[in-house]
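Here's the structure we're looking at; comments come further down.
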Amino acid sequence: MTEPVTTRASFPDGFSWGTATAAHQIEGGNWNNDWWRHEHQPGTLCAEPSGDACDSYHRWAEDADLVASLGFTDYRFSVEWSRVEPAPGEWSVAALDHYRRICDGLTARGVNPVVTLHHFTTPRWLADLGGWESADTVERFATFCEKVAVALGDVMTRACTINEPNVVAFYGWSFGVFPPGKRDPDLADRVTRTFIDAHRAAVEAIRTAAPGVPVGLTLSMSDWAAVGDGDDRTRAEAKLARYREFMEDRFLAATEGDDFIGVQAYSRARVGPDGVLRTGEEGVPMLPMGYELWPQALEATLRRAWEVTGGRVPLLVTENGIGTDDDDQRISYVERALEGVLRAIADGVDVRGYTYWSLLDNFEWVFGYRPKFGLVSVDRTTFERTPKPSAAWLGEIARAGTLPGDA
Ligand code: GCO
């Protein structure tokens, strides 16, 4: 496929430039959640346990220094529910204070704290009570959001309710590789509905406790493509429509009235008559994550989110990135993705910011520490952080508000 020529232009004034992490992937020692248990259970696909991760629970100030010195305006991180509410109804003041210190520390460095309330992990006790299969979790999550919003309301600049609920529902209950490792489409459907209700309840709880803080959902989206000819093509298209409905459209419909939609895109999903294909198109490289190197995904998903929601809610790229050992490949992937963002903006899509996943090489869930998404590498023994060339490259774009070569 030939790509359209980009009309190079600057990003709009006030466009935010961030980098993201998530508690379980960087903090270390999060033994009280469902993922930790999953990592230690025999028979899962997990490559290795998360262990100390990047020790960011203790080294958050070093991370904040990096974000600020590289030139980013925003840092998106998540609060770990199992630390804040280690047992039902038991709230840790110390944990909330910890996250408040991070927000204050970022602000002092000139960086906006963007807080995610749920990023894949659920307290063990809650998982044991049925977790997202139980409608009771909606209220428990709203209460948790309220506690966090009360504690951080005056120091966070944006709140993301639930990170990729579609991925959690699909991989946890349909595909069976995330906790709780089930393969039951009806349960996956029920979990999806719980997530949607929980998102709405969380928006309300956060708006009440922290008025004025923009709040939204962050959704994993793919550039879906049907392949095949004739009847096969027709069947592929029907399948694609069902996937999209399950993975994306139901969630997009639930963002009505939100302050932003967080679009998260990495690659493309090719669908044949029997489902998602595991092989890439000839000539398109496959990444170690098992999907195609497809920077076009970001532009496609931004345009689709905008179209499906009728342009009623502004968009933010809350994640985009690439797991690769080749940092030049990272730079060219991000550059192409950003060109797509500029094209979408030029066509009137209201995109307010770009967030690279991730600041650090970190715990990539089932894959363990093998995939390297970070702008900064982390020594697995000393935890020493070393910025890669892509970190300075993207930081410079953030400072300038234009792609290299543009005036
Ligand atoms: C997400 C994931 C991140 C992953 C990233 C790379 O929000 O998509 O939660 O945690 O690390 O997507 O696969």
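Note that ligands are numbered from 1 as they come in the structure, with each ligand's atoms numbered from 1 the same way.
- For ligand 1, the polar-atom distance check finds no N/O of Asn362 at less than 3.5 Å from any of the ligand's N/O atoms.
- Within ligand 1, the atoms closer than 4.0 Å to a non-hydrogen atom of Gln25 are 3 (C), 4 (C), 10 (O), 11 (O), numbered from 1 in the order shown.
- The shortest contact between atom 9 (O) of ligand 1 and any protein heavy atom is with His119 NE2, 2.6 Å.
- Set against the non-hydrogen atoms of Met289, the atoms of ligand 1 under 4.0 Å away are 13 (O).
- Few gaps surround CD on Glu48; more than 12 heavy atoms of other groups in view lie less than 6.0 Å from it.
- Residue Glu319 approaches ligand 1 through these ligand atoms, each under 4.0 Å from one of its heavy atoms: 1 (C), 2 (C), 3 (C), 5 (C), 7 (O), 8 (O), 12 (O).
- In this structure, a donor-acceptor pair under 3.5 Å is absent between the side chains of Arg399 and Thr73.
- Here the side chain of Arg100 pairs a donor or acceptor atom with the backbone of Ala151 at under 3.5 angstrom.
- Between His24 and Phe363, the two ring planes are perpendicular [angle over 60°; tilted spans 30° to 60°].
- Checking Tyr266, Trp365, Phe373 against atom 5 (C) of ligand 1, the nearest heavy atom belongs to Tyr266.
- Within 6.0 Å of CD in Gln329 there are more than 12 heavy atoms belonging to other residues, nucleotides or ligands.
- With a 4.5 Å cut-off on side-chain heavy atoms, Arg330 and Leu394 do not count as touching.
- Atoms of ligand 1 lying under 4.0 Å from at least one heavy atom of Glu164, given by number and element, are 1 (C), 2 (C), 7 (O), 8 (O).
- Under the 3.5 Å distance criterion, the side-chain polar atoms of Asn166 are matched with a main-chain donor or acceptor of Met247.
- Residue-ligand proximity, Gln264 to ligand 1, at heavy-atom distances under 4.0 Å covers atoms 7 (O).
- With Thr301 contributing its side chain and Ala265 its backbone, the two residues share no donor-acceptor pair below 3.5 Å.
- Taking any N or O of Tyr291, backbone or side chain, none lies under 3.5 Å from an N or O belonging to ligand 1.
- Of the protein's heavy atoms, Glu364 OE2, 2.6 Å lies nearest to atom 13 (O) of ligand 1.
- Residue contact check: Asn163 has heavy atoms under 4.0 Å from atoms 1 (C), 7 (O), 9 (O) of ligand 1.
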